[in-house]
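Counting from 1, the numbers follow the sequence of the chain as shown. This structure is a prediction, so every number in the text was calculated from the model and none was measured. Whatever order the structure lists them in is the order used to number ligands and atoms, beginning at 1.
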Amino acid sequence: MPLNLYDTYARQQRPFAPIEPDKVRLYACGPTVYNFQHIGNYRTYIFEDILRRALEYSGYDVYHVVNITDVGHLTSDADTGEDKMEAGSRRTGQTAWEIAEQYTADFQEKLTWLNVLEPHIWCRATDHIQEQIEAISAIEEKGFAYRTEDGVYFDTSKLDDYGYLARLDIEGLQGGMRVDLGEKRRITDFALWKLSPKDEQRQMEWDSPWGKGFPGWHIECTAMSAKYLGPRFDIHCGGEDHIPVHHTNEIAQAQACYDTRLAEFWLHGAFLQSDGEKMSKSSGDFLRLESLVEKGYDALVYRFFCLGARYRAKLSFTWESIDGAATALNRLRATSHSWGDPGTADEDYIAQFKERVEDDLNMPRVLALCWDLAGSDLSDDVKKATLLHFDQVMGLQLATWQPKAAAEIPAEIQAMAEKRQQARTNKDWATADQMRDEITTAGYEVEDTPEGPRVSPLKS
Ligand code: AMP
Ligand code: ZN
């Protein structure tokens, strides 16, 4: 069976096939780096990581591009308000460039905590101003743009199917319009290039055929995805908030520039909510990954928590559910550890696993399969190999996990404990007792538990 994915553009789950055999070109919208990312944002990157791993598991050679929005994202999606980077600069007293650097580094570090695979290309909007100017020029030459006092706008009336991705009701939007359009002709038109305000010195601005200014938010993704993946590629993804504005406008730009709808598949992750509302940076009330870690949860607990829901379903954050995820993940880790070395994976379980992954990345059912496997009467080495096979997509680092206490025990003490265990297996009680004495002298004690011997520092 092929991998089936829910394509927002088609509004249905359909079999995935790449444009070029065996190769998948994947673009994911990255963060706007004016503040820390919150755990809601990370839910989207975890979903995209599962997608990438599932594609690689299915045998595709994936080429993954993620952008960094470090200019042009305004505080309002209606092309008004301030650039988030400049606002961030005022908030923190650092320059917009320093902020971009700091939050990009923090974001990339947190992805490693979550065991999210690094994309092949990271691309920053500010490193691709020329490409964006060229794309805007092409849009203008083809008659899809108009100039105003404050910039260049995309003329959405020129596209018959503008808004198809989001199934936008353009007439309804236009009729119910209460917002100030500023210089725009239509509510759905959007900025391609904004001129720097005359009365304000911007930190980030560039010369262009239209005057000194900065690119609109949407053009960066169209220009950079085309540069690294070509004007038509396989999968474009992001959080569900991107459907009605950002991705809709990326498609409009691609139609104007290259006469394509950019990606064959459009995938969107549902939001993480807290107290019934979406978690957002702009509201200022959000939880960082660090906050979980400071409370004693390791970052992979958050990953495990996300795997417990389908990526297209909203997920509510509560401390009780994080506790539940921590308990379940630790149980899975300890169980897996107790199985010892892997043998050969079980084919029936692998077939069931594939079926669940291919069903639009059904990770809750993959987790259920892990518990089913644990309760089965297969031998430990088969269970271990099968679980590690699943972990290629789950990404929970089960192969390398060690119980905490054991991890803190020096290698030579571990070696003595193993020697003692070997002696006991050989019924060589004298050596076993001697090893126990040596371990005690070194300041540790060894206890025999149902999961095997456990070494810990002697309590004083
Ligand atoms: P931003 O930094 O706001 O541009 O967002 C980065 C990514 O996180 C985008 O793909 C957003 O769609 C996604 N995102 C934002 N808020 C949430 C949330 N509460 N839950 C899940 N994803 C989110
Ligand atoms: Zn984007």
Self-check item: ligand 1 N/O within reach of Pro31 N/O, cut-off under 3.5 Å
Solution: no
Quiz item: Any N/O/S of His242 under 2.8 Å from the Zn ion (ligand 2)?
Solution: no
Quiz prompt | 4.0 Å heavy-atom contact, Gln37 with ligand 1 | solution = yes
Self-check item: Ionic contact status for Arg356 with Asp359, cut-off 4.0 Å
Solution: no
Self-check item: Polar contact flag for Trp217 and ligand 1 (N/O pairs, less than 3.5 Å)
Solution: no
Self-check item: Between Tyr302 and Tyr297, ring centroids under 6.0 Å
Solution: no
Self-check item: Name of the residue among Tyr45, Phe36, Tyr34 meeting ring pair (Phe, Tyr, Trp, His ring centres under 6.0 Å) with Phe107
Solution: Tyr45
Exercise. Assess His246: does it contribute an N, O or S atom lying under 2.8 Å from the Zn ion (ligand 2)?
Key: yes
Self-check item: Tyr153 six-ring face occupied by Arg185 cation (under 6.0 Å, within 45°)
Solution: no
Quiz item: Within less than 4.0 angstrom of ligand 1, does His268 place any heavy atom?
Solution: no
Quiz item: Considering distance alone, does some N or O of Leu272 sit under 3.5 Å from an N or O of ligand 1?
Solution: yes
Self-check item: Proximal ligand 1 atoms for Thr44, defined as those under 4.0 Å from one of its heavy atoms
Solution: 10 (O), 13 (C), 21 (C), 22 (N), 23 (C)
Quiz item: Below 3.5 angstrom, do we get any N/O pair linking Gly239 and ligand 1?
Solution: yes
Quiz item: Is there a donor-acceptor pair under 3.5 Å between the side chain of Asp189 and the backbone N or O of Lys184?
Solution: no
Quiz item: Do you see an N/O/S atom of His218, backbone or side chain, under 2.8 Å from the Zn ion (ligand 2)?
Solution: no
Quiz prompt | Selected option - heavy-atom contact closest to atom 9 (C) of ligand 1, from Glu48, Glu240, His242 | solution = His242
Quiz item: Phe16 vs Tyr60 aromatic rings, parallel, tilted or perpendicular, using cut-offs 30° and 60°?
Solution: perpendicular
Quiz item: Heavy-atom contacts under 4.0 Å between Gln273 and ligand 1: side chain, backbone, both, or neither?
Solution: neither
Practice problem: Please determine if Lys295 forms a cation-pi arrangement with Trp319, meaning its NZ or CZ atom is less than 6.0 Å from the six-membered ring centre and no more than 45° off the ring axis. | Solution: yes
Practice problem: Using the ring of Phe286 (Phe, Tyr or Trp, six-membered ring only), decide whether Arg288 places NZ or CZ under 6.0 Å from its centre and within 45 degrees of its axis. | Solution: no
Quiz item: Would you say the side-chain atoms of His73 pair up with the backbone N or O of Thr69, donor to acceptor, closer than 3.5 Å?
Solution: no
Quiz item: Just distances here: any N/O of Asn41 and N/O of ligand 1 closer than 3.5 Å?
Solution: yes
Quiz item: Can Tyr45 be said to touch ligand 1, with heavy atoms closer than 4.0 Å?
Solution: yes
Quiz item: Is the His247-His218 ring centre distance short of 6.0 angstrom?
Solution: no
Practice problem: Would you check whether Asp241 has a nitrogen or oxygen atom less than 3.5 angstrom from a nitrogen or oxygen atom of ligand 1? | Solution: yes
Quiz item: Between Phe271, Phe36, Phe47, which one has a non-hydrogen atom sitting closest to atom 16 (N) of ligand 1?
Solution: Phe271
Quiz item: Among the N, O or S atoms that Glu250 has, which is closest to the Zn ion (ligand 2)?
Solution: OE2
Quiz item: Do Leu5 and Arg14 have side-chain heavy atoms sitting under 4.5 Å apart?
Solution: no
Practice problem: Show which atoms of ligand 1 fall inside a sub-4.0 Å distance from at least one heavy-atom site of His38. | Solution: 16 (N), 17 (C), 18 (C), 19 (N)
Practice problem: Please say whether His73 places an N or O atom under 3.5 Å from an N or O atom belonging to ligand 1. | Solution: no
Quiz item: So with a 6.0 Å cut-off around CD of Glu101, is the heavy-atom count from everything else above 12?
Solution: no
